[in-house]
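Note sheet for the following structure.
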Amino acid sequence: MRIDIITCLPRLLDSFFAHSILQRAQQGGYVEVVVHDLRDYTADKHRRVDDYAFGGGAGMVMQIEPIARCIRALQADRTYDEIIYMTPDGERLNQRTANALSLRQNLIILCGHYKGVDERVRALFITKEISIGDYVLSGGELAACVLSDAIIRLLPGVLNDETSALTDSFQDNLLAPPVYTRPAEFEGHRVPDILLSGHEAKIDEWRHEQALERTRIRRPDLLE
Ligand code: ADE
């Protein structure tokens, strides 16, 4: 898989992709993440990528030309399955969307800034608009990191234990059950006996019940 991220703050993304699972996923060849500085695609001598909003009002708007130039340059080299715009008014990200996107080959993610992008970018280029929650961030970069992380960890081979993404919260519309590790007792608080029993089928059953119970209490909407 290849993910191209278009941003006017490329440095903001560097450290996120340079560590841990996301770094290993790239080094292992499971994913190629390429960050593009939108300012490299402007014809403006001051490398500006934004301008005042027509009609007035506070806040700058990201211009269509640099974005169009960047997207078209990428499209000249390969076909993209989705061109995603990170925006608080997009469809809310969930595990189902992450699963579906993890099956794609080439993705572009556009990060918005200021008051957002010229509406014609959305009309002419964007195939999917995604929000990571009902709150406004100062830019789409963090949201692009969240989306990329949710996708990349699902790619087969990226996680050491192949099954561990499958047992995540939300994969079956249930929250994950509680987990424990050593010591078996901490200041009088013991790990549930069943987990020490070695009885695999009963442990699976216990975990499923716990997942159901936790979901019922915390996120009953997932069971509807
Ligand atoms: N950009 C600003 N806020 C955002 C959000 N909540 N989700 C996605 N992109 C955003």
Side-chain angles (χ1 to χ4, degrees), residues 1-19 21-22 25 31 33-42 48-55 57-71 74 80-104 106-155 168-170 175 218-219 221-222:
M1 165 180 265
R2 175 175 163 130
I3 302 178
D4 290 276
I5 303 179
I6 304 173
T7 169
C8 43
L9 292 171
R11 297 286 80 79
L12 207 54
L13 297 159
D14 288 348
S15 82
F16 185 78
F17 289 101
H19 298 281
I21 288 171
L22 297 188
V31 65
V33 179
V34 187
V35 177
H36 304 272
D37 185 347
L38 198 52
R39 292 182 204 283
D40 293 341
Y41 295 87
T42 168
R48 282 186 60 165
V49 293
D50 62 331
D51 209 334
Y52 296 100
F54 278 129
M60 306 298 279
V61 177
M62 287 171 70
Q63 294 173 284
I64 190 168
E65 288 113 319
I67 297 172
R69 225 173 269 128
C70 182
I71 290 176
L74 292 171
Y80 285 89
D81 301 296
E82 299 282 3
I83 303 179
I84 301 165
Y85 175 48
M86 304 310 300
T87 175
D89 60 4
E91 74 175 66
R92 185 105 55 87
L93 178 62
N94 58 25
Q95 193 62 48
R96 185 202 305 243
T97 303
N99 290 348
L101 290 174
S102 76
L103 301 173
R104 307 297 195 169
N106 298 311
L107 302 174
I108 291 176
I109 303 177
L110 172 65
C111 305
H113 246 275
Y114 318 110
K115 278 282 164 204
V117 297
D118 187 304
E119 188 64 22
R120 291 166 291 185
V121 171
R122 301 168 77 153
L124 297 178
F125 294 104
I126 300 300
T127 62
K128 203 172 189 57
E129 304 192 328
I130 295 180
S131 162
I132 63 164
D134 291 343
Y135 41 82
V136 178
L137 302 166
S138 38
E141 284 74 15
L142 267 176
C145 290
V146 169
L147 175 63
S148 302
D149 185 302
I151 293 170
I152 291 169
R153 62 191 299 287
L154 295 172
L155 301 177
D168 284 343
S169 277
F170 302 113
L175 300 182
R218 298 183 183 204
R219 291 293 306 277
D221 56 296
L222 293 176

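In each ligand, atom 1 is the first atom listed, and ligand 1 is the first ligand listed. Just so we're clear, the structure is a prediction, and the values are computed from it rather than from any experiment. All residue numbers in this chain count up from 1 along the given sequence.
No side-chain donor-acceptor contact under 3.5 Å links Thr42 to the backbone of Val49. Under a 3.5 Å cut-off, the side chain of Ser102 and the backbone N or O of Ile151 do not form any donor-acceptor pair. The closest donor-acceptor contact from the side chain of Tyr85 to the backbone of Val117 lies under 3.5 Å.
Ligand 1 has no N or O atom lying under 3.5 Å from any N or O atom of Ala143, backbone or side chain. By the 3.5 Å distance cut-off applied to N or O atoms, Gly133 is counted among the residues near ligand 1.
Using a 4.5 Å cut-off on side-chain heavy atoms (C-beta onward), Leu74 and Arg2 make contact.
For the pair Gly139 and ligand 1, a heavy-atom separation below 4.0 Å is found.
If you check which protein heavy atom lies closest to atom 4 (C) of ligand 1, you get Pro88 CD, 3.6 Å. In terms of protein heavy-atom proximity, atom 3 (N) of ligand 1 is nearest to Leu137 N, 3.0 Å. Looking only at heavy atoms of the protein, atom 6 (N) of ligand 1 is closest to Tyr135 O, 2.8 Å.
Contacts with ligand 1 closer than 4.0 Å are made by backbone heavy atoms (N, CA, C, O) of Ile130 only, the side chain lying farther away.
For ligand 1, the atoms lying closer than 4.0 Å to a non-hydrogen atom of Met86 are 8 (C), 9 (N).
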